[in-house]
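Read the numbers this way: they start at 1 and go in the same order the structure lists the ligands and their atoms.
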Amino acid sequence: MAVRRTREDALSGGDPLGDPAAFGVWSETRDEAAEIRMKELKVAVIPGDGIGPEITESAVAVMEAAAKKFDLPLSHDSAPAAAAAVDQGLPPLPDHTLKLCTDADAILCGPFGDPRWDNAPPAERPERAKLMLRKQFDLFANLRPVKPVPALIASSPLKQDLINGTDILIVRELTGGLYFSDPRGYFEDDAGRYGVNTMKYHAWEVERIGKVAFEAAQLRKKRVHSADKANALEVMQLWRETMNNLHASSYTDVELRHIFIDNCCMQLVSRPQEFDVIVAGNMFGDILSDIGAQLTGSLGMLPSASLGKGTPLFEPVHGSAPDIVGQGKANPLALILTAGMLFTHAAKRPDIGEAIDNAVAKALDEGYRTADIARGNGFKVVGTKEMGEAVLKHLQ
Ligand code: IPM
Ligand code: MG
């Protein structure tokens, strides 16, 4: 495929499509390097805010048990970020936390966010630390699988026959678009104060995330829905055009369908089985993944992996749930499943990832439920710790 270098590529010192490391753990080169390094898997743990520390305890115990069961040497070290760091008089992303992440093979990260900053401008909010980490390591590819666990199908607010067989991978662009483009900020003109954010995508950014989506689809059901808003936005016209060119030049074995984002939201709740891989820009992908979470019964069930050039980052899709902090009832499963994705993608051990998925499924089959997924009767409604232990049991 002919790839045109842009000024940005030249400035960043590498052609994002020509550089195999641009695809992180998926490239051959990284594979080999990973094999050599896999003598020990070094994980930087950032518990985060709100329910973060509670669910991290369970997820780390599961991670340790899984590594032990599969004889994979594992070390982990934790450091604060976001509100947890600010409360210690540190910046949201302290230098030593960043250094720990840089030196690690993977980052396991809890949710960031604290209601004390509810009225603060985005640049001062604790969530900013997450965006900084994503940008710092150029983690442009955010994988958010939406696959309801069979035992939980009845927990979804949607009808059971509508969700049966749903298996979607949302591929969200994570380092560009509305979240990161300039101009941004607060300004003033004759009509008063105004705020600005910009949705900008270079063709090379669309190409690199499109490539991830097509290659993921090649290993799945070979269908990509590209969610855009090409009927209203120039940036999305370019997105569509670029996806079409990439498809025609390299991925004709995959079916490409374009879908407007508003229609995509509707189809996601009315015909979720139609989807295989959905690729979307940063903002649209953020929204789609919360809708997707409801198909699985709870936002407390959705894991994610963010891959790119630097240390891969693994985080749940949900937030810090300030309303239930310290009550020991948060659902640790999204972060536990996230630890599974860490083994699959950062350690190249899908067998360990699968063992964690299975252990979660078994705990749910036995009837264990945290409050958020205990829709119906006859369940053992448990807290964070007990749920973690119910999963652990199947990994020992
Ligand atoms: C997510 C979250 C973050 C995002 C917030 C916390 C900045 O909603 O990971 O989905 O918008 O990316
Ligand atoms: Mg979100």
Review point. Any non-hydrogen atom of Phe112 lying under 4.0 Å from ligand 1?
Key: no
Review point. For the Mg ion (ligand 2), what is the closest N, O or S atom on Asp286?
Key: OD1
Exercise for review: Could you establish whether Arg125 and ligand 1 come within less than 4.0 Å of each other, counting only heavy atoms on the residue side?
Suggested key: no
Exercise for review: Using distance alone, with no hydrogens and no angle criterion, decide if Glu274 and His225 have a side-chain donor and acceptor under 3.5 Å apart.
Suggested key: no
Review point. Looking at Lys222 and Asp253, does any basic side-chain N land under 4.0 Å from a carboxylate oxygen?
Key: no
Check your understanding: Can you tell which of Asp103, Thr102, Asp95 makes a side-chain hydrogen bond (donor to acceptor under 3.5 Å, both in side chains) with Lys99?
Key -> Asp103
Study note, to complete from the structure: shortest atom 1 (C) of ligand 1-to-protein heavy-atom contact is with Arg144 NH2, 3.4 Å
Check your understanding: Between the side chains of Gln294 and Thr296, is a donor N or O closer than 3.5 angstrom to an acceptor N or O?
Key -> no
**Study point:** Selection from Leu174, Asn142, Leu178, Asp286 by shortest heavy-atom distance to atom 8 (O) of ligand 1
**Key:** Asp286
Exercise for review: Counting heavy atoms only, name the option from Arg128, His318, Arg134 that's nearest to atom 9 (O) of ligand 1.
Suggested key: Arg134
**Study point:** Where Arg220 and Val277 come nearest, the two heavy atoms and their spacing
**Key:** NE-CG2, 3.8 Å
Exercise for review: Flag the pair Glu366 and Lys393 as a salt bridge only when some basic side-chain nitrogen lies within less than 4.0 angstrom of an acidic carboxylate oxygen.
Suggested key: yes
Point to revise | atom 11 (O) of ligand 1: the protein heavy-atom neighbour that sits closest, reported with distance to 0.1 Å | key: Tyr179 OH, 2.5 Å
Point to revise | Sub-4.0 Å atoms of ligand 1 with respect to non-hydrogen atoms of Glu127 | key: 6 (C)
